[in-house]
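First up is the structure itself, then whatever we jot down about it.
Because the structure is predicted, anything quoted here is derived from the model rather than measured.
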Amino acid sequence: MEIILNYLDSMFAQLPDTEEVRKAKGEMASTMEDKYTELKAEGKSENEAIGIVISEFGNMEELIRELGIRERDASSNAMQETKPSPAVKINLNQGREYIEDMKGYARKIGIGVVLCICSPILLINSGVRTDAATPTAIGLVVLFVMVAAAVVLFIVNGISMSKYEYLQHEVFELEPGAKSVFGKLQGEARPVFGRKMAIGVSCIIIGVIPAIVAGIIFDESQAAKIGAAVSLLLLFVAAGVYILITAGMPYGCYDVLLQKGDYSVERKKNKLIDKVATIYWPVIVAIYLAYSFLTEDWGRSWIIWPVAGVLFGAIAGICSISSKNDNDR
């Protein structure tokens, strides 16, 4: 209920402080509280109840028409008109819809990643248990089918979420009160997000243990046991990555809506970083693949990724400084 009251305060902050407005605010607060209590009694969760109440009573334009008043006074509006404002405005319902869609998207992408990680398990075990071609062929077929299914999930769901790409790249404005609501929801989600991240990372770390132990205890003559340990590793990694994806992507929506971190207004305006990234990472991938295939040194070629990440951080810093100097001129 506190989120609803904060939202109500933000809504009325842009209206003149008159007796009529104060009375309307009190009546609306009472109505919203009654509706919230009714929804909770029906078994709705707190977030569901808040979303329904705000969607039904949070229309600022309708409220202004009913009261027959203007926002602030003419002089205040004149001052506001002199300040450029983003062309895109996002209301609370649009933001909540984005978060819910991202939750579904994250689950499907997580499933796709799990399919990719687990796809070689049958091939690994069929290859170490027999020299027959048939089991190996079946393992290959299963691998390709699982990867193909994952690719379909990535493409189809990526297209469905493309309608929200502008939120990550364009500067927009949240409607009054929405910023405080999303800030509050992010604060409530942070502990759950932290626990899921810890569980996901723990799964990945635990999964490595059987593979290490098997490599120490068993020799090449016990390839089946080593294969089982590698399969267990892949299963643990898949579970951990799924948890990380389904926790991280929805939580990241709050940063997108609040325009924080990588999605800050300053970062969005710094288009130079995006241009560099579109060239930088494909070049890194090409270097990695070319070196690995030519040398067959896959065991050490992975080092390029942490080095590339650190280097890109330095390049991004240089781009930010360059863009800031251009803006100051």
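- Here the closest non-hydrogen pair linking I279 and V283 is O-CG2, 3.1 Å.
- A donor-acceptor pair under 3.5 Å is absent between the side-chain atoms of E100 and the main chain of E97, judged by distance alone.
- Note that OH of Y98 is 6.0 Å distant from CG of L167, once rounded to the nearest 0.5 Å.
- Atom CD1 of I138 sits about 13.5 Å away from atom CG of L143, to the nearest 0.5 Å.
- Linking ILVMFWY side-chain heavy atoms closer than 4.5 Å, directly or via other members, places Y166 and L92 in a single hydrophobic cluster.
- Residues F144 and V152 fall into different hydrophobic clusters, defined by Ile, Leu, Val, Met, Phe, Trp and Tyr side chains chained together at heavy-atom separations under 4.5 Å.
- A continuous path of ILVMFWY side-chain contacts below 4.5 Å connects M197 to V208, so both sit in one hydrophobic cluster.
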Please tabulate, for side-chain N and O atoms in residues 234-255, each donor-acceptor pair with protein atoms closer than 3.5 Å (sequence neighbours left out).
| from | atom 1 | to | atom 2 | distance (Å) |
| --- | --- | --- | --- | --- |
| T246 | OG1 | Y242 | O | 2.8 |
| T246 | OG1 | I243 | O | 3.3 |
| Y251 | OH | R190 | NE | 3.1 |
| D255 | OD1 | Q186 | NE2 | 3.0 |

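- At least one side-chain heavy atom of Y164 sits under 4.5 Å from a side-chain heavy atom of D101.
- Scanning all heavy atoms of the two residues, the minimum distance from L258 to K179 falls at CD2-O, 3.5 Å.
- Atoms CZ and CG, from R96 and L257 in turn, are 11.0 Å apart once rounded to the nearest 0.5 Å.
- Taking CZ from F182 and CG from L174, the interatomic distance works out to 6.5 Å, rounded to the nearest 0.5 Å.
- Across all non-hydrogen atoms, the minimal contact from G95 to I90 is N-CG2, 4.1 Å.
- Under the 4.5 Å side-chain heavy-atom criterion for Ile, Leu, Val, Met, Phe, Trp and Tyr, L232 and I121 are members of distinct hydrophobic clusters.
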Identify each donor-acceptor pair in which a side-chain atom of residues 200-207 lies under 3.5 Å from a protein atom, sequence neighbours left out, and give them as a table.
| from | atom 1 | to | atom 2 | distance (Å) |
| --- | --- | --- | --- | --- |
| S202 | OG | A198 | O | 2.7 |

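- Residues R195 and P191 form a side-chain contact, since some pair of their non-hydrogen atoms from C-beta on lies under 4.5 Å apart.
- When all heavy atoms are compared, the tightest approach of V256 to F172 is O-CZ, 3.3 Å.
- In plain terms, the two heavy atoms of K89 and Q94 that are nearest each other are O-OE1, 3.6 Å.
- Here H169 contributes atom NE2 and Y263 contributes atom OH; the two are 8.5 Å apart, rounded to the nearest 0.5 Å.
- Under the 4.5 Å side-chain heavy-atom criterion for Ile, Leu, Val, Met, Phe, Trp and Tyr, I111 and V156 are members of distinct hydrophobic clusters.
- Minimum heavy-atom separation, I109 to L153: CD1-O, 4.4 Å.
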